[in-house]
Amino acid sequence: QVQLVESGGGLVQAGNSLRLSCAASGRTFSTLKMGWFRQAPGKEREFVAAINRSGGASGGAAFYADSVKGRFAISRNIAKNTMYLQMNSLKPEDTAVYYCAAKVDYSSGYLIRQTEYDYWGQGTQVTVSE
């Protein structure tokens, strides 16, 4: 079993930044492919960003939804067993509950479909005001 705990959500004004954290436990962190999803009120949960097991700075380590590309950055710290989502230039339409997800997967690459993930956190609320 993998336990995921998100933190870092809150209320911010448009244009400001937040950093979400997702602490993982229960399995070796480097065996996990991980991602962020979000669900706005009245909408289905959607993909935000995904990262491969190593999370290296080289190209191909991460993938983003078009709506957040250039504003959000996903990363992971293996020493801290934690994944991050740095959110800059926030917009009101970014308001949602943000969930981290994980899957034990020894292959390369990342996962962008919700159905591919086995473990989910409880979510953290992000509210962006005008």
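In this text, all values refer to a predicted model and were calculated from it rather than measured experimentally.
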Heavy-atom count check: over 12 atoms from other residues, nucleotides or ligands less than 6.0 Å from Lys69 NZ? yes

According to the salt bridge (Lys or Arg N to Asp or Glu O under 4.0 Å) rule, which pairs have a member within residues 104-120, sequence neighbours left out? Lys33-Asp105, Lys103-Asp118, Arg113-Glu116

Evaluate side-chain contact (heavy atoms from CB on, under 4.5 Å) for Phe29 paired with Met34, printing each intermediate quantity in order. CA-CA 10 Å; Phe29 191 63; Met34 302 186 74; 3.4 Å; yes

In Å, rounded to the nearest 0.5 Å, how long is the span from SG of Cys100 to CD1 of Ile51? 12.5 Å

Worked check of ring-ring contact (aromatic ring centres under 6.0 Å, His included) between Phe37 and Tyr117: CA-CA 11 Å; Phe37 293 79; Tyr117 287 94; 5.5 Å; yes

Please check: side-chain N/O of Tyr98 versus main-chain N/O of Trp36, any donor-acceptor pairing under 3.5 Å? no

Does CD belonging to Gln122 count more than 12 external heavy atoms closer than 6.0 Å? yes

Are any non-hydrogen side-chain atoms of Leu20 and Glu6 less than 4.5 angstrom apart? no

Is it possible for you to say whether Leu32 and Ile78 belong to one hydrophobic cluster, with membership spreading through side-chain heavy-atom contacts below 4.5 Å? yes

Restricting to non-hydrogen atoms, name the atom on Leu4 and the atom on Val2 that form the minimum distance, rounded to 0.1 Å. CD2-CG1, 3.8 Å

Nearest heavy-atom neighbours spanning Tyr64 and Ala49: CD2-CB, 3.6 Å

If every non-hydrogen atom of Ser17 is compared with every non-hydrogen atom of Gln86, which pair is closest and at what distance? CB-NE2, 3.8 Å

Smallest heavy-atom separation, Leu111 atom then Ala50 atom, equals O-CB, 3.1 Å

Listing request: all side-chain hydrogen bond (donor to acceptor under 3.5 Å, both in side chains) pairs with a residue in residues 70-85, at least two apart in sequence or in separate chains. Arg71-Asp94

Show, in sequence, the C-alpha distance, side-chain angles and deciding distance for Thr127 and Val12, and conclude whether the side-chain contact (heavy atoms from CB on, under 4.5 Å) test is met. CA-CA 6 Å; Thr127 304; Val12 295; over 6 Å; no

Within a 6.0 Å radius of atom CD on Gln13, are there more than 12 heavy atoms belonging to other residues, nucleotides or ligands? no

Any donor-acceptor N/O pair, Gln114 side chain to Arg45 backbone, under 3.5 Å: yes

Shortest non-hydrogen separation from Ile112 to Phe63 and the atoms involved: CG2-CD2, 3.6 Å

So do the side chains of Tyr99 and Arg38 get within less than 4.5 Å of each other, counting heavy atoms only? no

side-chain contact (heavy atoms from CB on, under 4.5 Å) between Ile74 and Met83: does it pass, once the steps are laid out? CA-CA 7 Å; Ile74 189 172; Met83 176 180 65; 3.8 Å; yes

Closest non-hydrogen atom pair between Gly109 and Asn52, with its separation: O-CB, 3.1 Å

With a 4.5 Å limit on heavy-atom distance, are the side chains of Leu85 and Arg19 in contact? no

Within a strict 4.5 Å, meaning less than it, do heavy atoms of the Gln39 and Glu46 side chains meet? no

Could you tell me whether the side chain of Thr95 reaches within less than 4.5 Å of the side chain of Val126, counting heavy atoms only? no

